[in-house]
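What you see is a predicted model, and the numbers here were worked out from it, not measured in a lab.
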Amino acid sequence: MRIIPPTIADYNERALAAHTRRFEFLAAGLDAASVPLAADSDPGAAGLDALLDRLMAFQVAIPSWALGAGGTRFGRFGQTGEPRNLEEKIEDVGLLHTLNRSSGAISLHIPWDIPDDAARIRTLADSFGLVFDAMNSNTFQDPQYKYGSLQHVDKSVRKKAIEHNKEVIRYGQALGSKCLSVWLADGSNFPGQLNFREAFQNTLESLRDIYTNIPEDWKLLLEYKPFEPNFYSTTVADWGQSLLYISKLGPKAFTLVDLGHHLHGTNIEQIVALLLMEGRLGGFHFNDSKYSDDDLTVGSIKPYQLFLIFCELVQGTDHTPDISLMIDASHNVKDPLEDLLQSVEAIMIAYTQALLVDWNRLRLARESNDVVAAQETLQDAFRRDVRPLVAEARYRAGGALDPLAVYRGESVRKGLTTERGSGGRATGL
Ligand code: RM4
Ligand code: MN
Ligand code: MN
């Protein structure tokens with residue numbers, strides 16, 4: 001199912017007058033002059049146009065495993081019209097991108113989504129204006145990985161996991177991706193099960209082998225997670241451990257931060273700031289959580305944290321264009337496509353708010369230890385309703401003023417269900 005531009009134009013026309021009123025009111029009160037210009041921005045563009053240019057250029061990748069219903073160990077409630085193969089997943093991401101113009105990349109997980117005919121898959125993606133973001137290897141489901149993959153005490157299992165990663169690189173090359181993203185479930189469930197130092201050394205040795213196969217213009221991302229599926233130790237448990245590995249690997253290796261992979265109360269924005277400072281932040285998985293790796297809709301629980309993270313990303317602008325930004329969420333009770341539209345919108349809002357922070361005022365407040373002014377400065381930006389700006393950028397880029405309204409108005413899920421049936425199950429978690 002495709003949504004064609006004239007359909008979007010119809011919806012936009014009906015919403016335009018109300019949108020314009022809200023947008024002009026907001027724009028009149030903005031001091032956009034201080035918005036930092038994007039590196040590739042037209043130097044003549046200033047203020048509001050420069051801000052809108054940045055929003056229009058901003059893209060976040062959609063993971064191929066998040067297009068069907070997620071589940072928990074207690075059950076899974078399928079979604080009708082789930083994509084049955086990679087082609088249909090690409091169509092789904094194409095739908096999102098047609099609506100919001102900000103989801104122009106797809107990230108594949110191998111072996112969940114093997115591109116058997118890479119040229120055809122590339123052409124299909126291209127027809128929606130999609131590129132291939134990070135390729136994700138999966139060394140956590142095969143029975144041989146019960147006691148780990150890259151850390152395994154048995155060299156032949158390590159070898160198998162290494163070869164899998166090399167294969168994922170080859171698939172990625174055929175698709176035009178530039179990045180391998182590694183997340184390991186490796187760890188242990190009980191004290192004594194694992195020799196921590198040997199597990200680290202085995203993992204490092206395996207990663208080194210993979211790293212020698214990373215093409216010159218590629219990145220290797222190493223994602224950390226403190227627990228699950230292992231509950232006593234994880235072999236890449238936190239950003240310090242990830243940084244330790246990647247520092248030993250070399251300049252093409254970077255740390256990936258998944259928002260759900262932290263223990264309660266962790267100051268994620270500080271981690272982001274320091275990784276950016278070191279030039280070692282390579283990727284981001286957006287989601288939200290109340291307890292742990294809940295994989296909920298971005299911005300649904302802790303929007304202020306998301307904004308503070310974007311404040312760090314915006315300040316580290318020299319590095320920002322190179323960071324792989326992806327949503328990594330799971331949809332247990334919502335239509336995945338609606339959920340993803342909400343997530344992208346939340347990301348765009350946080351990004352816009354961060355761009356509108358009065359950085360000069362904040363610097364002065366910090367230098368004079370004016371804690372109150374510092375907090376006021378941040379909250380001035382955070383409490384501003386920037387949704388008309390995000391909608392305007394989307395509109396200028398050819399998308400829908402209100403993507404969800406078009407999605408619902410056009411009964412997209414019903415259309416997908418008619419095309420694909422109700423019994424299919426998308427590959428993924
Ligand atoms: C993990 C981690 C990885 C994702 C898998 C499916 O918790 O977030 O990024 O690939 O889940
Ligand atoms: Mn993740
Ligand atoms: Mn996760």
Side-chain angles (χ1 to χ4, degrees), residues 22-23 25-38 47-48 50-52 54-55 58 60 238-240 257-278 281 284-292 294 296-320 323 325 342-393:
R22 282 194 294 266
F23 172 65
F25 177 77
L26 177 62
L30 279 186
D31 176 16
S34 62
V35 173
L37 284 180
L48 195 57
L51 171 69
L52 289 166
R54 289 199 71 162
L55 300 186
F58 192 87
V60 55
D238 59 25
W239 72 285
V257 175
D258 181 315
L259 293 185
H261 293 190
H262 301 89
L263 299 178
H264 271 194
T266 301
N267 187 330
I268 303 175
E269 51 272 28
Q270 187 177 17
I271 295 172
V272 170
L274 297 185
L275 285 172
L276 276 172
M277 182 183 79
E278 291 297 299
L281 180 64
F284 231 97
H285 283 181
F286 292 103
N287 46 52
D288 212 341
S289 54
K290 178 80 177 156
Y291 300 104
S292 57
D294 307 349
L296 299 174
T297 320
V298 182
S300 60
I301 310 275
K302 292 177 276 197
Y304 193 47
Q305 174 184 271
L306 184 65
F307 160 74
L308 294 173
I309 287 168
F310 265 101
C311 286
E312 297 305 331
L313 286 172
V314 163
Q315 288 177 90
T317 38
D318 288 351
H319 312 274
T320 314
I323 299 174
L325 303 173
Q342 288 184 308
S343 279
V344 175
E345 175 80 4
I347 290 170
M348 295 302 294
I349 290 171
Y351 179 47
T352 309
Q353 290 169 329
L355 285 172
L356 288 172
V357 168
D358 186 339
W359 293 106
N360 201 32
R361 182 176 159 214
L362 186 63
R363 187 179 50 79
L364 293 174
R366 285 167 170 171
E367 281 169 9
S368 56
N369 290 313
D370 189 341
V371 186
V372 170
Q375 181 184 324
E376 290 294 309
T377 306
L378 285 185
Q379 296 217 353
D380 272 353
F382 175 66
R383 294 191 190 283
R384 182 178 266 153
D385 182 359
V386 297
R387 286 176 296 180
L389 279 173
V390 174
E392 176 69 17

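- V386 and L26 make their closest contact through CA-CD2, 4.0 Å (heavy atoms, listed as atom of the first residue, atom of the second, distance).
- Between F310 and F284, the ring centre distance reaches or exceeds 6.0 Å.
- D238 CG to H261 NE2: the interatomic distance, rounded to the nearest 0.5 Å, is 13.0 Å.
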- [ ] Mind running side-chain contact (heavy atoms from CB on, under 4.5 Å) on D288 and L306 for me, showing each step along the way?
- [x] CA-CA 9 Å; D288 212 341; L306 184 65; over 6 Å; no
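- Taking CG from L296 and CD from Q342, the interatomic distance works out to 11.5 Å, rounded to the nearest 0.5 Å.
- Residue E312 forms a side chain to side chain contact (heavy atoms under 4.5 Å, CB included) with just one option from L281, L275, V272, L274, and that option is V272.
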(message) Go through it in stages, so that I can follow the logic: the residues are Q379 and Y304, the test is side-chain contact (heavy atoms from CB on, under 4.5 Å), and I'd like the CA-CA distance, side-chain angles, deciding distance and then a yes or no.
(response) CA-CA 9 Å; Q379 296 217 353; Y304 193 47; 3.5 Å; yes
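- Note that OG of S289 and NE2 of H264 are 7.0 Å apart. Values are rounded to the nearest 0.5 Å.
- Distance alone, capped at 3.5 Å, places no donor-acceptor pair between the D380 side chain and the L378 backbone.
- Between atom CG of residue L48 and atom CG of residue L389 there is a gap of 6.5 Å, rounded to the nearest 0.5 Å.
- The environment of CD in Q270 is sparse: at most 12 heavy-atom neighbours from other residues, nucleotides or ligands sit within 6.0 Å.
- Not a single donor-acceptor pair under 3.5 Å links the side chain of E392 to the backbone N or O of P388.
- At distances below 3.5 Å, at least one donor-acceptor pair connects side-chain atoms of S343 with backbone N or O atoms of V298.
- A pairwise comparison of heavy atoms in Q353 and F382 identifies NE2-O, 2.8 Å as the closest pair.
- Atom CG of L55 is separated from atom CE of M348 by 5.0 Å, given to the nearest 0.5 angstrom.
- Sparse packing is recorded around CZ of R387, with 12 or fewer heavy atoms of other residues, nucleotides or ligands lying under 6.0 Å away.
- The distance from the CZ atom of F58 to the OG1 atom of T352 is 9.0 Å, given to the nearest 0.5 Å.
- Between L259 and I268, the shortest heavy-atom contact is O-CD1, 3.6 Å.
- Residues meeting the side chain to side chain donor-acceptor pair (under 3.5 Å) test with E345, sequence neighbours left out: R394.
- Counting only heavy atoms from C-beta outward, the side chains of H262 and V257 approach each other to under 4.5 Å.
- Contact annotation: the side chain of P303 never approaches that of F307 to less than 4.5 Å [non-hydrogen atoms, C-beta and beyond].
- A374 and A365 get closest at one heavy-atom pair: N-CB, 3.7 Å.
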Requested in this report: May I have the step-by-step check of side chain to side chain donor-acceptor pair (under 3.5 Å) for N287 and D294, ending in yes or no?
Outcome: CA-CA 8 Å; N287 46 52; D294 307 349; over 6 Å; no
